[in-house]
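The chains referred to below are lettered A, B, ... by the order of the sequence lines, with proteins before strands, and numbering in each begins at 1. Only heavy atoms go into these numbers, but all of them, side chains included; no hydrogens, no water, no symmetry mates.
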Amino acid sequence: MSGAVSTDDLVAWIRAFRDAVAAHKDELTRLDSEIGDADHGSNMARGLDAVVARLDPAPATPAELFKTVGMTLVSTVGGASGPLYGTLFLRMGPALASAEQMDATALGAALRAGVEGVVARGKAEVGDKTMIDALTPALDAWDAAASGSAADAARAAAEAAARGRDATVPLVARKGRASYLGERSAGHLDPGAASATLLLEALRDTLAGTE
Amino acid sequence: MSGAVSTDDLVAWIRAFRDAVAAHKDELTRLDSEIGDADHGSNMARGLDAVVARLDPAPATPAELFKTVGMTLVSTVGGASGPLYGTLFLRMGPALASAEQMDATALGAALRAGVEGVVARGKAEVGDKTMIDALTPALDAWDAAASGSAADAARAAAEAAARGRDATVPLVARKGRASYLGERSAGHLDPGAASATLLLEALRDTLAGTE
Amino acid sequence: MKKFVNDPADVLAEALRGIGAAHPELRVDAENRVILRAEPTRAGKVALVSGGGSGHEPMHGGFVGRGMLDAAAAGEVFTSPTPDQVLAATQAADSGAGVLHIVKNYTGDVLNFEMAAELAAAEGVEVESVLVADDVAVQDSTWTAGRRGTGTTVVLEKIVGALAEEGADLAAVAALARRVSAAGRSMGVALTSCTVPAAGRPTFELPDDEMEVGVGIHGEPGRTRVKLASAREIAKLLVDPIVHDFGDAVGPAIVLLSGLGATPLIEQYLLYGEIAPLLTAAGIDAQRVLIGDYITSLDMAGVSLTVVKADDEMLRLWDAPVVTPGLRWGA
Amino acid sequence: MKKFVNDPADVLAEALRGIGAAHPELRVDAENRVILRAEPTRAGKVALVSGGGSGHEPMHGGFVGRGMLDAAAAGEVFTSPTPDQVLAATQAADSGAGVLHIVKNYTGDVLNFEMAAELAAAEGVEVESVLVADDVAVQDSTWTAGRRGTGTTVVLEKIVGALAEEGADLAAVAALARRVSAAGRSMGVALTSCTVPAAGRPTFELPDDEMEVGVGIHGEPGRTRVKLASAREIAKLLVDPIVHDFGDAVGPAIVLLSGLGATPLIEQYLLYGEIAPLLTAAGIDAQRVLIGDYITSLDMAGVSLTVVKADDEMLRLWDAPVVTPGLRWGA
Ligand SMILES: Nc1ncnc2c1ncn2[C@@H]1O[C@H](COP(=O)(O)OP(=O)(O)O)[C@@H](O)[C@H]1O
Ligand SMILES: Nc1ncnc2c1ncn2[C@@H]1O[C@H](COP(=O)(O)OP(=O)(O)O)[C@@H](O)[C@H]1O
Ligand SMILES: [Mg+2]
Ligand SMILES: [Mg+2]
Ligand SMILES: [Mg+2]
Ligand SMILES: [Mg+2]
């Protein structure tokens with residue numbers, strides 16, 4: 001089992017997520033135009049820009065880092081994604097604070113705490129056509145790979161997230177704005193599942209460098 | 001010198017004018033879209049439909065006829081063209097009432113009284129880019145041809161009206177809505193000059209049948 | 001054409017029906033297409049009558065009510081009402097104290113109101129008229145039709161309506177009306193054309209990156225077509241000609257920023273955020289500000305800015321109670 | 001994109017600047033993006049706080065003032081405000097008598113107001129919340145996000161604001177709010193999409209001969225896309241589902257027909273002329289009628305119809321004085 005993940009790695013992850021969202025901002029908004037209200041790209045970009053502006057100097061511990069990220073998202077994003085992504089990070093911090101070593105298992109537990117927070121807030125289940133459709137399979141894939149390196153686990157999780165994201169296309173939404181469209185929500189990819197996949201891909205890409 | 005014009009001929013003229021305006025309604029509105037407010041076609045069509053609805057039974061004298069036409073236009077058209085066309089007919093009636101014989105000279109005098117009424121109301125001169133640019137040359141041509149038949153005079157007048165109408169294209173408007181456009185009014189044909197030409201062409205076509 | 005209409009020929013009659021259904025405090029004379037207060041004019045009160053083409057709602061029908069107009073004659077879309085309509089409005093509104101005609105300076109309005117005034121006089125109604133010609137986009141000249149009447153009309157109807165409500169006589173009402181008319185300047189800009197229902201398509205085409213500067217309220221093109229600009233630049237295009245036309249320092253003023261029909265309020269406020277400092281810098285002290293759709297041009301996207309130099313009496317009368325569908329406060 | 005904007009990222013901040021410049025009777029907290037009454041909440045008066053994404057103007061900021069809201073938190077365009085914003089509005093508005101949160105049923109609004117209410121409670125502010133979920137286009141179900149909150153919000157803010165102004169306590173204010181919320185039904189239709197400034201192009205494309213039925217107020221497509229219909233047919237599409245959803249006879253009601261932003265008033269009135277007889281036929285007695293742009297969706301062409309079944313108390317409170325930029329009468 002290879003080297004532990006550092007706080008710097010996690011900071012790099014958040015920066016990479018910001019960059020990925022910035023690069024896909026228009027696409028996220030376009031997805032949200034089809035079944036929502038055309039703001040998911042700008043919402044996430046605005047929030048992550050604010051987050052990155054607060055990472056200098058970088059927080060000293062993962063717990064501090066995720067608290068900063070979560071609080072900043074909650075206070076700058078708004079909409080559905082603000083409280084949900086905010087909660088994700090706010091729940092990850094405490095989970096990591098108690099970890100002895102920041103390995104795949106610890107990170108996986110933190111991610112689970114975060115996703116459970118999102119479910120508790122948003123009440124979405126897999127199949128409701130939300131970010132949960134990317135996050136939950138990603139967690140499961142992470143756990144299945146957690147005996148390996150964090151980089152391996154992230155790779156598996158990112159792949160599962162992307163599959164979960166793509167699987168939202170045929171779904172009829174039951175949560176979020178897309179649910180107002182009823183049957184017409186089918187045939188479109190959920191924007192939150194797309195941004196959640198960017199989150200896990202950013203982690204994969206960041207940790208790939210740590211191997 | 002051929003046969004006099006009858007009241008029936010004049011009724012036929014008004015009906016022919018209505019038909020011509022109906023046929024050119026969209027075109028008149030299109031011309032008014034370019035330098036006005038896109039209502040000249042519907043204004044004239046609405047008014048003339050109302051006029052024709054009041055021609056059954058047909059008025060017994062030219063004076064009654066033109067009073068009906070003028071009053072109806074004034075009370076149904078609105079805009080600039082309503083009072084102006086209304087005045088034209090309201091002034092023609094009395095001029096004809098005193099005529100001994102309804103020949104080219106009498107009709108010409110009536111038209112002159114009408115056009116003078118329009119000028120008195122609207123204060124436009126030739127060159128201001130209004131219906132006057134068609135009406136005034138038409139009058140002059142009529143007078144020059146008034147020693148012949150009314151049909152001949154109407155032919156000359158219609159031709160002059162059309163020339164006057166076409167001559168409005170390069171003008172910068174000084175009266176009516178087109179004047180608000182300043183220099184931008186140049187390059188467009190005046191809608192009122194176009195409808196006025198239809199009026200004289202309708203007279204030409206009607207009287208052509210009387211020869 | 002994407003509109004809530006049935007037959008385009010019926011737009012006016014059907015809109016009047018809706019006004020009648022929505023506003024029990026008004027009376028709609030469907031035959032003459034006149035909107036009146038449900039209560040007859042109080043004996044001794046000068047009546048204010050206005051009117052014009054439709055498509056400028058809430059003006060004028062929406063300004064009928066206590067403290068503003070007594071009656072409004074509604075012409076077809078963008079077509080001034082006929083003399084008969086204005087006469088009907090005038091006769092119905094007159095309580096014997098006389099009637100003020102508030103006329104926007106368009107050839108059609110001027111001629112139709114003029115004929116109506118003659119007819120009313122023949123019927124024994126005393127009529128005074130005031131002309132509004134406030135649009136600085138149009139150069140004034142004795143050789144042309146002159147300036148268009150736009151936003152100052154709204155301010156005038158409010159202020160003069162308050163004076164009439166106080167019981168002033170016709171001469172005083174007309175004198176104040178002329179004073180307000182002379183004190184107002186307006187300037188408009190359009191981002192799109194509008195569609196006259198009977199025409200069925202936009203009055204003009206405007207490319208995505210251009211706008212019309214110096215438009216009126218009839219969907220017509222403006223004085224110049226320029227590249228689409230930022231709100232900051234547009235604010236200057238609106239304020240500068242007004243300031244220039246006033247010449248002298250203005251001081252206290254009533255400011256109206258009206259949407260032209262399809263421009264949402266958030267944009268109007270954003271634009272006013274740019275206009276306000278320019279007014280201040282030019283010595284215009286916006287003591288009262290009204291923002292929203294008050295004088296419109298069907299579904300045109302755009303705004304018109306109106307500045308009325310206001311003395312204490314005008315401000316006092318502006319603040320007086322008004323109870324109309326389009327403007328309401330103090331009661 | 002044809003809009004009065006500078007940088008699309010600055011739309012909210014700059015619109016707030018304009019609101020501040022235009023309305024001395026309001027106070028704009030630029031940092032928190034909160035609109036408040038200039039006068040602090042009277043001691044003992046329950047404060048009403050609402051908010052939501054921007055782009056629905058005059059809602060909510062335009063409904064801040066005597067007899068209606070005490071504060072409104074303005075989110076980015078179509079994006080619910082953050083908990084910090086709502087907390088700031090709540091703390092600033094609280095006079096010690098507690099605060100009612102008026103929340104439209106959207107996941108974002110619900111979550112952000114929920115977090116704000118928790119934070120406010122932690123700071124010792126008593127908070128009650130009422131949820132508006134009145135859009136009958138959306139089928140209700142425990143498995144979904146449920147119905148959207150639309151026009152009933154305006155009616156609720158007016159009526160409940162009047163009760164709070166009378167000095168009722170938080171429990172009574174919240175109880176009435178829930179009663180009004182339960183009594184309202186809405187239905188919307190769109191002829192065009194709208195353009196979110198940050199997105200820069202219409203949210204959806206709609207062919208010239210089609211319309212969207214069952215839309216909300218966020219520029220989203222509706223439940224069904226159908227062929228463009230006449231005003232007469234559209235009136236039925238709006239009234240029928242509302243009547244059906246009420247089930248029982250309605251009787252006295254407050255009716256709001258709101259333009260969605262780009263639909264001119266003349267069309268709204270014309271449409272109301274078709275709606276009014278349908279309401280009457282269905283046993284809905286429109287005792288009060290409000291027509292105009294009150295709850296909008298940027299520059300969307302369309303309307304939403306709201307019917308609130310109203311008892312005597314609601315009608316009395318509806319008629320009570322209100323002094324806000326968007327709704328004003330009686331004072
Ligand atoms: N109840 C929920 N649980 C989990 N995710 C949700 C829920 N509601 C919405 N979402 C996610 O939020 C995304 C939309 O976010 P965004 O557009 O930023 O907010 P809004 O819908 O308020 O405009 C959706 O695509 C969906 O993935
Ligand atoms: N002062 C005037 N004298 C003569 N004709 C005029 C005058 N003003 C306008 N017109 C004519 O009226 C026509 C426009 O009529 P119309 O479109 O029906 O009325 P409006 O301009 O009120 O919309 C113009 O094309 C012009 O020929
Ligand atoms: Mg969204
Ligand atoms: Mg015209
Ligand atoms: Mg006209
Ligand atoms: Mg949103």
Side-chain angles (χ1 to χ4, degrees), chain B residues 25-26 28-47 49-50 71-87 90 118 120-125 127-131 172-185 188 192, chain C residues 8-9 33 51-53 55 73 75-87 106-116 135 137-139 141 143-148 193-205 212 214-225 297:
Chain B
K25 180 177 154 187
D26 290 351
L28 292 174
T29 288
R30 188 183 53 72
L31 292 172
D32 198 29
S33 299
E34 287 171 15
I35 54 171
D37 58 352
D39 63 354
H40 190 56
S42 21
N43 286 348
M44 295 301 293
R46 179 177 61 248
D49 282 350
M71 294 285 285
T72 305
L73 290 178
V74 165
S75 66
T76 58
V77 176
S81 48
L84 294 173
Y85 273 108
T87 298
L90 287 174
V118 175
R121 276 252 166 246
K123 314 269 183 313
E125 296 172 7
D128 284 354
K129 197 174 184 119
T130 70
M131 59 175 75
V172 172
R174 281 190 299 253
K175 285 287 185 295
R177 261 166 217 297
S179 69
Y180 307 139
L181 286 179
E183 303 291 329
R184 289 179 85 187
S185 61
H188 303 274
Chain C
R33 292 155 185 222
E76 291 290 330
V77 170
F78 291 170
T79 302
S80 358
T82 66
D84 308 47
Q85 293 184 264
V86 178
L87 176 63
Y106 300 94
T107 307
D109 292 75
V110 170
L111 296 182
N112 286 288
F113 272 86
E114 214 169 78
M115 291 175 105
D135 182 359
V138 175
Q139 290 314 305
S141 142
W143 304 104
T144 64
R147 287 182 162 168
R148 293 174 284 219
S193 181
C194 65
T195 298
V196 175
R201 52 176 185 185
T203 299
F204 59 89
E205 294 295 338
E212 290 279 343
V215 297
I217 52 169
H218 294 86
E220 67 274 62
R223 296 292 293 196
T224 49
R225 180 173 290 197
S297 188

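Look at C/Glu220 and B/Arg184 and you find no salt bridge, because none of the NZ, NE, NH1 or NH2 atoms lies under 4.0 Å from a carboxylate O. Salt bridge present: B/Arg121 and C/Glu114 bring a charged side-chain N and a carboxylate O closer than 4.0 Å. Between B/Glu125 and B/Lys175, no side-chain nitrogen of the basic residue sits less than 4.0 Å from a carboxylate oxygen of the acidic one, so the salt-bridge criterion is not met.
C/Phe78 is linked by a ring pair (Phe, Tyr, Trp, His ring centres under 6.0 Å) to C/His56, C/His218, counting only residues two or more places apart in sequence or in another chain.
Counting heavy-atom pairs closer than 4.5 Å to chain B, the top residue among C/Arg201, C/Arg225, C/Arg147 is C/Arg225. In terms of heavy-atom pairs under 4.5 angstrom with chain B, the leader among C/Gly219, C/Gly222, C/Ser297, C/Gly214 is C/Gly222. The most heavy-atom pairs under 4.5 Å with chain C, out of B/Asp128, B/Leu181, B/Leu84, B/Asp26, come from B/Leu181. Among C/Pro83, C/Gly75, C/Ala198, the residue with the largest count of heavy-atom pairs under 4.5 Å with chain B is C/Pro83. Comparing B/Asp39, B/Thr76, B/Thr29 by heavy-atom pairs within less than 4.5 Å of chain C, the highest count is held by B/Asp39. Listed options B/Ser75, B/Ala80, B/Gly86 were ranked by heavy-atom pairs under 4.5 angstrom with chain C; first place goes to B/Ser75. Interface summary for chain B: among C/Asp84, C/Leu87, C/Thr107, the most heavy-atom pairs under 4.5 angstrom belong to C/Asp84.
Of the atoms belonging to B/Ser179, heavy atoms from both backbone and side chain fall under 4.5 Å from chain C. For chain C, no part of B/Glu183 is nearby; none of its heavy atoms comes within less than 4.5 Å. At a 4.5 Å heavy-atom cutoff, C/Val110 makes no contact with chain B through either its backbone or its side chain. Neither the backbone nor the side chain of C/Glu205 comes within contact range of chain B; no heavy atoms are under 4.5 Å apart.
In this structure, CZ on B/Arg177 lies 9.0 Å from CZ on C/Arg148, to the nearest 0.5 angstrom.
At a cut-off of 3.5 Å, with distance as the only test, no side-chain donor of C/Thr82 or C/Asn112 sits close to an acceptor on the other residue.
A side-chain donor-acceptor contact under 3.5 Å links B/Ser185 to the backbone of B/Ala173.
Side chains of B/Met44 and B/Lys25 form no contact here, defined as non-hydrogen atoms less than 4.5 Å apart.
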